[in-house]
A.B. asks: 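Here you go, one structure.
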Amino acid sequence: MKDKYNIDDIENFLNKELNTEEMTAFDKKMKEDTELATEVSFHEDVIKGIQTAGVTDFKNLVAGVHSDMKEEGFFVASQDKVQKTEKKEAKVRSISLFRSLAVAASFALMVVAGYWVFSTSPATPEQLFASNFSIHQDVLSTEIEDRLSETGFGTNKKALAVIQDAMNDYNSTQYEASVKKFTVFQQLAPEDALTAYASLYKGIALLKNNQVAAAQKELELVHANEQFPSNKEAKWYLALTYLKQNNIPLAKPLLQELSSVETYQAKAKKILQQL
Amino acid sequence: MSEINLADSILHRLKRGEQTVIRQLYKIAYPQCASFVKNNNGTGNDAEDFFQEALVVLYKKVHQPAFELKSDVKTFLYAITRNLWLNELRKRSKSGLKLIMDDPETNYVLTEEDTLIEKEETEQKHELISEMLLQIQGGCKDVLIDFYLKKLSLKAIAEKHGFTVQYAKKRRYKCMESFKQQVREQHERIYQEA
């Protein structure tokens with residue numbers, strides 16, 4: 001059911017984003033229309049409820065991180081650090097204890113260094129591609145379904161049905177069929193906001209089918225579109241395409257950019273270490 | 001990166017609820033906060049619990065439009081933990097204990113405004129509405145939280161969820177309308193219980 005009152009008007013009032021005249025007019029309107037006044041108060045409660053839910057979500061996130069760090073031994077290490085701080089006044093230490101600690105520390109260092117050397121040992125670009133490439137999840141179908149179920153939102157239903165089919169093929173690993181349908185969609189609706197997504201998924205499907213040059217062309221096109229909301233995904237898959245082509249000079253700058261993007265940070269840094 | 005830029009970057013990422021920044025905050029501030037709690041009659045578990053609470057307080061604060069960090073993040077978290085722990089000690093009727101300030105340089109005094117949020121209790125009706133939202137399946141919960149708490153722009157929401165910007169705008173409306181409708185249906189229960 002659609003709200004009787006405009007959400008934007010109510011929120012502009014609540015956020016004090018109206019000018020003095022508009023504020024006075026809205027106040028007056030609320031005095032005359034008690035239903036509006038009730039709606040404003042209700043809307044404010046709903047927003048506060050949403051904000052409370054967001055804080056609860058964050059608490060769960062912190063609890064998850066806390067539990068991971070506990071498993072990793074962070075709190076034990078911190079305790080040691082605290083104890084060392086507390087005991088820093090006590091300067092007398094047993095030499096033998098110091099020696100055994102030094103031996104233990106050297107051993108730990110060797111283990112860590114060994115792990116580092118092992119974990120960052122060079123790999124070929126092709127191997128790096130193989131160990132990092134996976135299909136991007138479908139985030140598009142909900143939007144397509146919503147648009148298809150409505151009238152007046154997006155006029156090109158035929159094109160929407162085509163991209164829906166393309167995503168169905170993509171999701172059922174029929175990559176070759178999906179590539180053909182993405183191409184049809186691009187031709188039917190070149191101006192649609194979903195066209196950039198069609199290029200991204202088409203590029204990934206082509207890459208999966210080992211049509212690397214075609215994938216490169218598609219992904220370069222979508223990557224050049226800086227306004228594209230999934231530009232970082234395009235960057236990631238384009239970097240993988242360059243790795244697959246053994247083109248390290250082109251892959252590296254993209255991976256360096258991805259090193260500061262949370263979703264890809266860890267993977268990009270690891271690849272760079274191994275290149 | 002300068003200290004100011006580092007603090008800005010941390011707060012910005014915290015506002016977006018990034019997991020990696022929580023780890024970073026643990027590494028930066030936990031040892032000192034834990035030291036304070038433990039030096040003042042607290043256990044290791046107390047230190048862990050109260051640091052988690054301090055992170056939540058900081059999270060709430062970064063979403064306040066007027067919030068401005070007047071010290072570095074580590075000092076601020078230390079001050080919040082200290083405040084929370086002192087309140088807890090008072091509750092446990094252990095007032096009068098000698099406090100050991102393990103690092104006088106971090107003796108940042110919280111302003112009245114800083115402490116306000118710690119005292120603020122969420123109204124029960126908001127808790128009930130929140131519970132309803134947390135039970136929603138699908139992407140609406142995240143879209144609403146991103147828009148109304150994290151204050152992400154529609155472009156940022158589109159980027160995060162893989163929507164077009166036009167659709168992100170539409171989805172936010174649709175999610176809000178449908179959620180309000182659900183709350184309306186439970187209206188009596190929510191407002192009677194609260």
Side-chain angles (χ1 to χ4, degrees), chain A residues 1-3 7-8 11 15 39 42-43 45-59 61-66 68-70 74-75 77-79 81-82 85-86 136-140 142-143 146-147 150 153-154 192-194 196-197 227-233 262 265-266, chain B residues 13 17-20 22-23 26-27 30-31 34-35 38-39 44 48 52 55-56 59-60 63 102 122-123 125-134 138-139 141 144-145 147-150 155 158-168 170-171 173-174 176-177 179-181 183-184 187 190:
Chain A
M1 192 189 87
K2 270 203 163 260
D3 278 348
I7 287 179
D8 281 338
E11 287 176 5
N15 297 334
E39 183 64 20
F42 175 67
H43 195 86
D45 279 344
V46 173
I47 291 177
K48 284 187 178 160
I50 294 169
Q51 290 169 338
T52 307
V55 173
T56 306
D57 251 9
F58 180 76
K59 279 182 193 167
L61 187 68
V62 170
V65 171
H66 183 96
D68 288 348
M69 292 180 86
K70 198 160 199 161
F74 172 80
F75 297 102
S78 290
Q79 198 173 350
K81 203 173 164 185
V82 169
T85 314
E86 285 165 359
H136 184 48
Q137 60 168 338
D138 171 15
V139 293
L140 218 53
T142 323
E143 176 167 352
D146 268 17
R147 280 178 61 177
E150 286 173 8
F153 183 76
D192 195 292
L194 291 177
Y197 284 96
Q227 299 304 311
F228 177 43
S230 286
N231 191 275
K232 58 182 186 299
E233 276 70 37
E262 197 192 16
Q265 203 166 49
Chain B
R13 287 164 55 216
E18 287 183 18
Q19 199 169 355
T20 50
I22 300 173
R23 277 181 170 270
Y26 265 99
K27 285 175 187 165
Y30 179 76
S35 175
K38 287 178 194 170
N39 282 339
E48 290 177 30
Q52 284 195 47
L55 285 174
V56 174
Y59 183 71
K60 285 183 187 172
H63 289 100
D102 58 304
T122 316
E123 283 188 48
K125 61 183 171 186
H126 302 145
E127 285 285 0
L128 292 168
I129 295 171
S130 150
E131 279 168 23
M132 285 184 69
L133 183 66
L134 292 170
K141 180 193 88 177
L144 291 176
I145 290 172
F147 189 81
Y148 288 102
L149 175 70
K150 298 181 183 171
K155 184 172 182 287
E159 197 173 310
K160 185 175 167 190
H161 297 273
F163 300 148
T164 58
V165 178
Q166 190 189 10
Y167 182 68
K170 189 168 180 60
R171 188 135 174 97
Y173 274 113
K174 281 184 71 172
M176 188 58 168
E177 274 177 6
F179 182 54
K180 277 177 77 178
Q181 187 53 31
V183 178
R184 262 191 206 102
H187 189 273
I190 289 172

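Hydrogens, waters and symmetry mates play no part in the numbers below; they use all other heavy atoms, side chains included.
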A.B. asks: Quick one: what part of B/Leu55 sits under 4.5 Å from any heavy atom of chain A, side chain, backbone, both or neither?
C.D. replies: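 Both the backbone and the side chain of B/Leu55 come within 4.5 Å of chain A.
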
A.B. asks: What part of B/Glu131 is in contact with chain A, defined as an atom under 4.5 angstrom from a non-hydrogen atom: side chain, backbone, both or neither?
C.D. replies: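 Interface part for B/Glu131: neither.
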
A.B. asks: Just verifying a value: how many Å separate B/Leu134 CG and A/Ile50 CD1, rounded to the nearest 0.5 Å?
C.D. replies: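 Result: 11.0 Å between the selected atoms.
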
A.B. asks: Sort A/Glu11 into side chain, backbone, both or neither according to what part of it lies under 4.5 angstrom from a heavy atom of chain B.
C.D. replies: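 Side chain only.
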
A.B. asks: Ring-plane angle category for B/Phe163 and B/Tyr167, please: parallel below 30°, perpendicular beyond 60°, tilted otherwise.
C.D. replies: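 Taking B/Tyr167 first and then B/Phe163, their aromatic rings stand perpendicular (interplane angle over 60°).
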
A.B. asks: I'd like to know if B/Glu177 and B/Arg184 make a salt bridge, using a cut-off of under 4.0 Å between side-chain N and carboxylate O.
C.D. replies: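 Answer for the salt bridge query: no.
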
A.B. asks: When rounded to the nearest 0.5 angstrom, what distance separates CZ in B/Phe147 from CE in B/Met176?
C.D. replies: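 Result: 9.0 Å between the selected atoms.
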
A.B. asks: Against chain A, label B/Arg13 side chain, backbone, both or neither, depending on which of its atoms sit under 4.5 Å from a heavy atom there.
C.D. replies: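 Neither; nothing under 4.5 Å.
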
A.B. asks: Below 4.5 Å from any heavy atom of chain B, which atoms of A/Ala63 appear? Answer side chain, backbone, both or neither.
C.D. replies: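 Contact with chain B: backbone and side chain both.
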
A.B. asks: Sort out for me which of A/Leu140, A/Thr56, A/Asp8 touches chain B most, counting heavy-atom pairs under 4.5 Å.
C.D. replies: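 Top option by heavy-atom pairs under 4.5 Å: A/Asp8.
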
A.B. asks: Hey, would you say the A/Phe74 and A/His66 ring centroids sit under 6.0 Å apart?
C.D. replies: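 No, the ring centres sit 6.0 Å or more apart.
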
A.B. asks: Looking only at heavy atoms and a cut-off of under 4.5 Å, which of B/His63, B/Lys141, B/Lys150 has the most pairs with chain A?
C.D. replies: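 Most heavy-atom pairs under 4.5 Å with chain A: B/Lys141.
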
